[in-house]
Amino acid sequence: MPAPSIAPVHIVWDWNGTLLDDLHCMVETVSACQTAIGEPAVDTATYRQQHCLPGRRFHDRLSGRPVTDTEWPVIQRTYAEHMSARRPPLRTGAARLLQWIAEQGHTQSLLSLTNDPRLRREVEQTRLTHLFQRIDGRRAPDTPKSAALQHHLAMLGEPDRCRVVLIGDTTDDAAAARTCEVRAVLHTGGFELASRLRTAGAPVVPTLDAAALLALGLTAGTSQRT
């Protein structure tokens, strides 16, 4: 991979669906949550078509009705049990890509709406902790990605937002970046369909390598859409 000759960039990475290739795992987990409240399991196509945040709204959509206040704790408990039992499936080539970006003099951090202690445990399991300037998971229930990103950037010392790019896999990632006035690049290997990602107003690419190269190019004033 050729080294781009541009000023240093800061990439904020998403975790689930981006650095992790965990769509299959998440479909199984959400299916378990649905069956725990007496609803049918979901398949991958349905998951990707209906995916949205926050999680309760996602389960409302999957159920075709509002999830009750009695059912929601059951979903939360089932989700936590499945997530705590999994080993994080790092996307093929992700570790190599992160190392390459660091070697080029760029900086990176990690932002996820995964519970913060669980996120840190998973990152430790993948042995990637040292490559991130900061790691932030969700610390309060129902925190939106936009608010989490604002806090994340503040804790990074407010880097020049013209040189910050968020790489993720959902329209919510793009919306958070837009709210915080940073750029976003979305890849199609995660939780949402490419056709939906293209409505988010951010460049869309098929791989993490392409997303990283485009993120570096975006800060130099170029853009791409697939």
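Treat the numbers as computed from the prediction; the structure is a model and nothing was measured. For the single chain, residues carry numbers from 1 onward in sequence order.
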* **side-chain contact (heavy atoms from CB on, under 4.5 Å) between Leu128 and Leu90, intermediate numbers included** => CA-CA 10 Å; Leu128 296 176; Leu90 190 65; 3.6 Å; yes
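- Note: His24 NE2 to Thr44 OG1 = 7.5 Å, rounded to the nearest 0.5 Å.
- For the pair Ser31 (side chain) and Val42 (backbone), a donor-acceptor distance under 3.5 Å is present.
- To the nearest 0.5 angstrom, Ile11 atom CD1 is 13.5 Å from Arg183 atom CZ.
- Pairing each heavy atom of Val67 with each of Asp60, the nearest pair is N-OD1, 2.6 Å.
- Considering CG of Leu19 and CG of Asp22, their distance stands at 10.0 Å, rounded to 0.5 Å.
- When all heavy atoms are compared, the tightest approach of Ala202 to Ala174 is CB-CB, 4.1 Å.
- Taking NE2 from His10 and CZ from Arg161, the interatomic distance works out to 11.5 Å, rounded to the nearest 0.5 Å.
- A distance-only check finds no donor-acceptor pair linking the side chain of Arg138 to the backbone of Asn115 [under 3.5 Å].
- Between atom CG of residue Asp142 and atom CG of residue Leu113 there is a gap of 10.0 Å, rounded to the nearest 0.5 Å.
- Nearest heavy atom pair, residue Leu153 against residue Cys180, reads CD1-CB, 4.2 Å.
- Side-chain atoms of His187 come within 3.5 Å of backbone atoms of Gly17 as a donor-acceptor pair (strictly under, hydrogens ignored).
- Cluster membership for Met26 and Trp15, using ILVMFWY side-chain heavy atoms within less than 4.5 angstrom, is not shared.
- Using a 4.5 Å cut-off on side-chain heavy atoms (C-beta onward), Asp209 and Trp100 make no contact.
- Judged purely by atom type and a 3.5 angstrom limit, Gln133 has no side-chain atom pairing as donor or acceptor with the backbone of Thr107.
- Here the shortest heavy-atom pairing between Thr171 and Glu192 reads N-OE1, 3.1 Å.
- Residues Phe132 and Leu216 share a single hydrophobic cluster, defined by chaining ILVMFWY side chains whose heavy atoms lie under 4.5 Å apart.
- A donor-acceptor distance shorter than 3.5 angstrom exists from the side chain of Ser84 to the backbone of Glu81, with no hydrogens or angles considered.
- Summarising the local packing, CD of Glu103 is surrounded by more than 12 heavy atoms from other residues, nucleotides or ligands at distances under 6.0 Å.
- Separation of atoms CZ (Phe58) and CD (Gln34) is listed at 8.0 Å; rounding is to 0.5 Å.
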* Show the numbers, then the answer: is there a side-chain contact (heavy atoms from CB on, under 4.5 Å) between Lys145 and Leu53? => CA-CA 9 Å; Lys145 191 71 172 268; Leu53 293 172; 5.6 Å; no
* **Pair Asp21-Thr92, side chain to side chain donor-acceptor pair (under 3.5 Å): steps then yes or no** => CA-CA 8 Å; Asp21 188 8; Thr92 301; 5.7 Å; no
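- Counting only residues at least two apart or in different chains, salt bridge (charged side-chain N to carboxylate O under 4.0 Å, His left out) contacts with residues 105-123 comprise Arg86-Glu122, Asp116-Arg120, Asp116-Arg139.
- The salt bridge (charged side-chain N to carboxylate O under 4.0 Å, His left out) with Glu71 is formed by just one residue from the set Arg56, Arg77, Arg65; it is Arg65.
- Side-chain contact between Leu62 and Glu39 is absent, with no heavy-atom pair separated by less than 4.5 Å.
- When only modelled atom types and interatomic distance are considered, His51 and Thr170 share no side-chain donor-acceptor pair under 3.5 Å.
- Under a hydrophobic clustering in which Ile, Leu, Val, Met, Phe, Trp and Tyr are joined whenever their side-chain heavy atoms come within less than 4.5 Å, directly or via other members, Ile135 and Ile167 fall into the same cluster.
- Not one N or O on the side chain of His151 forms a donor-acceptor pair closer than 3.5 Å with the backbone of Ala147.
- A side-chain donor-acceptor contact under 3.5 Å links Thr35 to the backbone of Ala32.
- Within the 3.5 Å criterion, the main-chain N or O of Pro88 finds no donor-acceptor partner in the side chain of Gln125.
- Among residues at least two apart or in separate chains, salt bridge (charged side-chain N to carboxylate O under 4.0 Å, His left out) pairs with a member in residues 124-135 are Arg134-Asp136.
- In this structure, Asp169 does not pair ionically with Arg48, as no charged nitrogen and carboxylate oxygen lie closer than 4.0 Å.
- There is no path of hydrophobic side-chain contacts, each under 4.5 Å, that joins Phe191 to Val12.
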